[in-house]
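Every value quoted in this text rests on a predicted model; they were computed, and no experiment measured them. Labels below follow one simple rule: chain letters A, B, ... track the order of the sequence lines, proteins then strands, and each chain is numbered from 1.
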2 protein chains.
Amino acid sequence: MALAHAILVCLTEGKQSGYDVNKAFQGSIGFFWHSDHQRIYRELSKILKLGWVECELVEQPSKPNKKLYSLTQAGIDQLKEWAKKPSPTAPLKDDLLVRLFSLHMLDLAILAEQVRARREEHVAKLILYRKIQVRYYSDVDPTDARTVGKYLSLKFGMRDAERWIAWCDEALFTLDNLG
Amino acid sequence: MALAHAILVCLTEGKQSGYDVNKAFQGSIGFFWHSDHQRIYRELSKILKLGWVECELVEQPSKPNKKLYSLTQAGIDQLKEWAKKPSPTAPLKDDLLVRLFSLHMLDLAILAEQVRARREEHVAKLILYRKIQVRYYSDVDPTDARTVGKYLSLKFGMRDAERWIAWCDEALFTLDNLG
DNA sequence: GGTGCCATGTAACGAGTTACATGATTGG
DNA sequence: CCAATCATGTAACTCGTTACATGGCACC
C-alpha cells in the first residue's frame, strides 16, 4: 500500500484536493513516485474510509466544487509507522538494458537512436532539475529538515540523470565501434 | 507485454526450460528486469500459444522432466519488431526518496539507518558486478556484439550502484548535520 | 471557436505479488 | 535427517494502466 503513503506524504504540506495531489505527482514528489489522477482519487476514498484523512467540501462559485483532504492523527501515525519499516530497493527495470542482451540479433542503428533519445530525455531532466535547484534551493538552511529532505531527493534525481547521460555516451561510443 | 519479450531475449541464448529462464532472471538479465517463476511459467504457456516459442519435452531419469523452449521464426520476428519500438523510460519509484519529502515529521535516526542499509546493499552489488566484470569481461572483443551488449548493461549496473553509494554518503552527511 | 485549466470520478483490463501445492535427488 | 536443487504449476488478490465520461470558465 505504497501509493497511500505517498499521498499521506503529500498531505504533510497541508490541505489539498485530489487535483492538487495529482499535480504534486506530476512534479516534485512525482519525480520519485508517479501515479495518475484515477488512482489517486481511488486511493483517497480508500484512506478516507480508513480514517487516515478527513475531507471537507469546498463550494466554489465559478469553479467546480472540490474536496479538501487533510491528515488526521491516525494518518500521521500511519505515516510514522510506515517510515519506520525498511524501505525495499526498487529493482531496476528497463527495456533498453534488456535489449542489449540480444544486441547481436538487433538493428544497431535503431538501438543507437534509442540510446540517443534516452540521452536527450535525461539532458532535459537535468536542465529542469537545475532550474529547480537555482529557483528553490540556492540558499538552503542545513538545519531546516523540510527543505533539506526535498533537496536531497532532487540531488538524487540529478545524479540519476547524470549517470544516464554518461552511460549513454559510453554506449554510443561502443555501438559506433561495432558497426 | 514486456515480460514476454524479456523471455524471448533470454531464449536468444538457446533452448531453455522455464527453470533455466527463471535462473537467468535472478542473475544477468534479472539485474535489469525481474520476475518470478510463477509469472515466467504463465508467460511461457502464453507465448507458446502465440507461436513465438516451441516446446520440446525432455524426459530425465533421476530428475523431474522438463520442457525445453526455443525461439521460433515468429518469435524472432516479434523480438525484432519489439526492439524497433522506442523504449519508454522507467520512472523512478523509491520509498526512501518519498520519505525525504516528509523528513520534518520523521525520526532522523531511523531514516539514517535506512540510508546506511541502502548504501550497504549497493556496495554489495558493486562488488558482485566487479567480480562478474573480472570473470567474464576482462578481455572484451569490441566487435563482438553479443558480449559488448551484455557488458554495457553490466556497466550500467555499476554506474547505478556507484551513484547510489555517492548519494547515500551525501545524505548521511546532511542528516548528520540536521540532528 | 478551440485549447487548456479546474475538478471529479467509473469500468475493464493487464501486470505483478503472495500463498499454496507437489515431489524426487543430492550433498553435508 | 535437513537443506538445497531441480522442476512444474494454480488461485487469489492487489496494483497499475487505459479508456471512458462530464462540464463550466478563461484566454487568445
Side-chain angles (χ1 to χ4, degrees), chain A residues 1-8 10 15-27 29-30 32-50 53 55-69 82 85 88-95 98, chain B residues 1-8 10 15-27 29-30 32-50 53 55-69 82 85 88-95 98:
Chain A
M1 208 179 266
L3 177 59
H5 292 99
I7 292 175
L8 293 180
C10 246
K15 288 181 189 181
Q16 287 177 69
S17 67
Y19 191 85
D20 296 330
V21 172
N22 181 239
K23 274 209 301 189
F25 269 82
Q26 273 160 25
I29 201 173
F32 313 105
W33 199 273
H34 77 108
S35 190
D36 47 48
H37 77 273
Q38 293 92 328
R39 244 185 96 54
I40 288 166
Y41 285 121
R42 259 201 283 173
E43 206 69 21
L44 275 170
S45 27
K46 201 160 129 193
I47 62 178
L48 180 63
K49 270 184 203 155
L50 288 171
V53 293
C55 174
E56 173 194 347
L57 186 72
V58 178
E59 294 191 36
Q60 303 186 114
S62 85
K63 271 190 193 176
N65 296 341
K66 63 179 175 181
K67 294 178 185 171
L68 275 184
Y69 293 89
W82 165 73
K85 286 191 291 187
T89 302
L92 279 172
K93 226 174 180 194
D94 204 297
D95 255 16
V98 173
Chain B
M1 208 180 267
L3 176 59
H5 292 98
I7 292 175
L8 293 180
C10 246
K15 289 181 188 181
Q16 288 176 70
S17 65
Y19 191 84
D20 296 329
V21 171
N22 181 240
K23 273 208 302 188
F25 269 82
Q26 273 159 22
I29 200 173
F32 313 105
W33 198 275
H34 76 108
S35 190
D36 47 49
H37 77 274
Q38 293 92 329
R39 245 187 95 54
I40 288 166
Y41 285 120
R42 260 202 282 173
E43 206 69 20
L44 275 170
S45 28
K46 202 160 129 193
I47 62 178
L48 180 65
K49 270 185 203 154
L50 288 170
V53 291
C55 174
E56 173 194 345
L57 186 72
V58 178
E59 295 190 36
Q60 302 185 116
S62 87
K63 271 191 194 176
N65 296 342
K66 62 180 176 180
K67 295 178 185 172
L68 275 184
Y69 293 89
W82 165 73
K85 286 191 289 186
T89 302
L92 280 174
K93 226 174 181 194
D94 204 297
D95 256 16
V98 173

By side-chain contact (heavy atoms from CB on, under 4.5 Å), B:K23 pairs with (sequence neighbours left out) B:Y19
note: B:H34, atom NE2; C:dA15, atom C1'; distance rounded to Å ~ 11 Å
By salt bridge (Lys or Arg N to Asp or Glu O under 4.0 Å), B:D20 pairs with (sequence neighbours left out) none
B:N22 atom CG is separated from C:dG16 atom C1', nearest whole Å, by 15 Å
Sequence neighbours excluded, the answer for salt bridge (Lys or Arg N to Asp or Glu O under 4.0 Å) partners of A:K63 is none
- Item | Worked verdict on B:Y69 versus B:L8 for side-chain contact (heavy atoms from CB on, under 4.5 Å) | CA-CA 10 Å; B:Y69 293 89; B:L8 293 180; over 6 Å; no
From the candidates D:dT17, C:dT17, C:dG16, the one with an atom nearest any side-chain atom of A:K93 is C:dG16
Here the distance between atom P of D:dC15 and atom CG of A:D36, to the nearest Å, is 14 Å
Sequence neighbours excluded, the answer for side-chain hydrogen bond (donor to acceptor under 3.5 Å, both in side chains) partners of B:Q26 is B:N22
So CG of B:N65 and CG of B:L57: to nearest 0.5 Å the spacing works out to 5.5 Å
Whole-Å distance, B:Q16 CD to D:dA7 P, equals 12 Å
From CD1 of B:I40 across to P of D:dA7 the rounded distance in Å is 14 Å
- Step by step, work out the side-chain contact (heavy atoms from CB on, under 4.5 Å) result for A:S17 and A:K67. CA-CA 5 Å; A:S17 67; A:K67 294 178 185 171; 5.8 Å; no
A:R39 atom CZ is separated from C:dA11 atom C1', nearest whole Å, by 15 Å
Rounding to 0.5 Å, atoms CZ (A:F25) and NE2 (A:H34) come to a distance of 10.0 Å
Exercise for review: Let me see the working for B:F32 and A:L92 under side-chain contact (heavy atoms from CB on, under 4.5 Å), right down to the final yes or no.
Suggested key: CA-CA 5 Å; B:F32 313 105; A:L92 279 172; 4.0 Å; yes
Terminal axes of the helix from C:dG1-D:dC28 to C:dG28-D:dC1 (5 end pairs apiece), angle rounded to 10 degrees, sit apart by 40°
5' to 3', nucleotides 5-10 of chain C under a 4.0 Å protein heavy-atom cut-off (B base, S sugar-phosphate only, - none) gives SBBBBB
Rounded to whole Å, CD1 of B:I7 lies from C1' of C:dA15 at a distance of 13 Å
Here the distance between atom P of D:dG16 and atom CG of B:L3, to the nearest Å, is 17 Å
